[in-house]
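Inspection log for the structure reproduced underneath, given as structure tokens.
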Amino acid sequence: SYRRANGQVGLSLAWGLWAQSEGITGQLDDADRARMARSGLEPIESDQGLALFDASLALSEPVLVPVRLNMSAVRATVRAGIAPALLSGLVPTPSRRTRVPQTSPSALAERLADLSEDEQDRLVLELLRAEMSTVLGYGSASDEVDTSRGFLELGFDSLMTVELRNRLNVVTGL
């Protein structure tokens with residue numbers, strides 16, 4: 001874009017996830033790939049990448065994002081309120097007038113209201129473990145999450161903690 005502004009040739013490509021596991025993608029494990037798939041990012045095969053590169057050369061835009069998206073997954077994350085900011089603009093969202101007012105109690109708050117303190121603790125812990133399990137890639141095996149261990153010990157990184165925060169915001173109504 002700087003080069004183009006100065007009358008020079010230039011093209012910047014912000015590549016999506018590549019399928020081959022080498023270089024920067026060599027550090028990704030199954031949980032990382034599962035997290036990306038949940039957000040709608042699909043890996044680009046080498047032949048697809050080459051075709052995207054060729055196609056980009058025919059376009060006049062100075063910056064392009066060659067990426068494969070599973071739009072069903074993107075729509076699901078937008079509806080759930082956990083879409084990455086970059087992807088959330090790709091899917092239309094309902095106007096603010098149709099959203100539930102912030103003052104209305106969440107379903108979780110309603111469930112907690114009728115429980116004893118011990119039952120509340122169990123329910124919140126169960127909810128937390130279930131969301132942590134999903135983010136960590138354990139699926140529905142929330143009993144695999146040892147809540148006596150720290151986030152780093154469990155394998156959380158900064159992106160995973162953001163995803164967990166977003167998921168907890170949705171289920172708690174915050």
Side-chain angles (χ1 to χ4, degrees), residues 13-19 21 23-44 63-115 117 119-174:
L13 300 175
W15 288 98
L17 174 69
W18 283 75
S21 293
I24 201 166
T25 59
Q27 304 299 318
L28 300 176
D29 61 16
D30 291 341
D32 294 323
R33 290 181 180 278
R35 181 178 64 253
M36 288 185 227
R38 281 193 306 275
S39 70
L41 294 175
E42 293 191 348
I44 300 169
V63 179
L64 297 169
V65 183
V67 64
R68 284 188 63 213
L69 295 174
N70 174 337
M71 290 308 293
S72 295
V74 172
R75 279 191 286 282
T77 60
V78 168
R79 279 193 302 274
I82 58 172
L86 183 64
L87 300 179
S88 61
L90 298 177
V91 178
T93 55
S95 69
R96 290 188 177 271
R97 289 180 294 221
T98 61
R99 291 187 181 162
V100 177
Q102 292 293 337
T103 56
S104 68
S106 72
L108 177 62
E110 290 173 2
R111 287 176 61 193
L112 291 170
D114 296 330
L115 300 176
E117 191 173 327
E119 292 170 324
Q120 289 175 346
D121 288 346
R122 274 193 297 278
L123 177 63
V124 170
L125 182 60
E126 177 184 306
L127 172 100
L128 181 59
R129 289 176 81 183
E131 295 303 325
M132 291 171 72
S133 176
T134 298
V135 172
L136 288 168
Y138 296 156
S140 62
S142 63
D143 56 333
E144 290 186 40
V145 177
D146 181 358
T147 56
S148 67
R149 297 173 61 199
F151 280 114
L152 293 176
E153 286 181 274
L154 289 169
F156 276 90
D157 61 23
S158 59
L159 291 175
M160 295 168 100
T161 57
V162 169
E163 181 182 353
L164 179 62
R165 180 205 60 200
N166 293 347
R167 295 180 75 82
L168 290 173
N169 283 347
V170 170
V171 297
T172 61
L174 301 175

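Both backbone and side-chain heavy atoms feed into the values below; hydrogens, waters and symmetry mates do not.
- The shortest heavy-atom contact between D146 and L154 is O-CD2, 3.7 Å.
- In this structure, CZ on R33 lies 8.0 Å from CG on D30, to the nearest 0.5 angstrom.
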#### Entry: Stepwise side chain to side chain contact (heavy atoms under 4.5 Å, CB included) check, L41 with V67
CA-CA 8 Å; L41 294 175; V67 64; 3.7 Å; yes
### Message
Between V171 and L168, does the side chain to side chain contact (heavy atoms under 4.5 Å, CB included) criterion hold? Intermediate values first, please.
### Response
CA-CA 5 Å; V171 297; L168 290 173; 4.3 Å; yes
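- Note that CE of M160 is 11.0 Å distant from CG of L152, once rounded to the nearest 0.5 Å.
- Interatomic distance, CZ of R111 versus CD of E119, reported as 11.5 Å (0.5 Å rounding).
- Note that the OG1 atom of T147 and the CG atom of L128 stand 8.0 Å from one another [nearest 0.5 Å].
- Atoms CZ and OG1, on R167 and T77 in that order, are 10.0 Å from each other to the nearest 0.5 Å.
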### Task
Determine, stepwise, if the pair R35 / D32 fulfils salt bridge (charged side-chain N to carboxylate O under 4.0 Å, His left out).
CA-CA 5 Å; R35 181 178 64 253; D32 294 323; 3.2 Å; yes
### Message
Under the criterion side chain to side chain contact (heavy atoms under 4.5 Å, CB included), I'd like the reasoning laid out for L123 against L112: C-alpha separation, chi angles, the key distance, then a yes or no.
### Response
CA-CA 8 Å; L123 177 63; L112 291 170; 3.6 Å; yes
### Task
Verify side chain to side chain contact (heavy atoms under 4.5 Å, CB included) between F156 and M132, making sure each step is shown before the conclusion.
CA-CA 9 Å; F156 276 90; M132 291 171 72; 3.8 Å; yes
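- Scanning both residues, M71 and V91, for their nearest heavy atoms gives CE-CG2, 4.1 Å.
- The closest donor-acceptor contact from the side chain of R129 to the backbone of V145 lies under 3.5 Å.
- Atom CD of E117 is surrounded by 12 or fewer heavy atoms from other residues, nucleotides or ligands within 6.0 Å.
- A pairwise comparison of heavy atoms in A14 and P66 identifies O-CD, 3.6 Å as the closest pair.
- Atom CD of E131 and atom CG of L164 lie 7.5 Å apart (nearest 0.5 Å).
- G40 approaches A73 most closely through the heavy-atom pair CA-CB, 3.7 Å.
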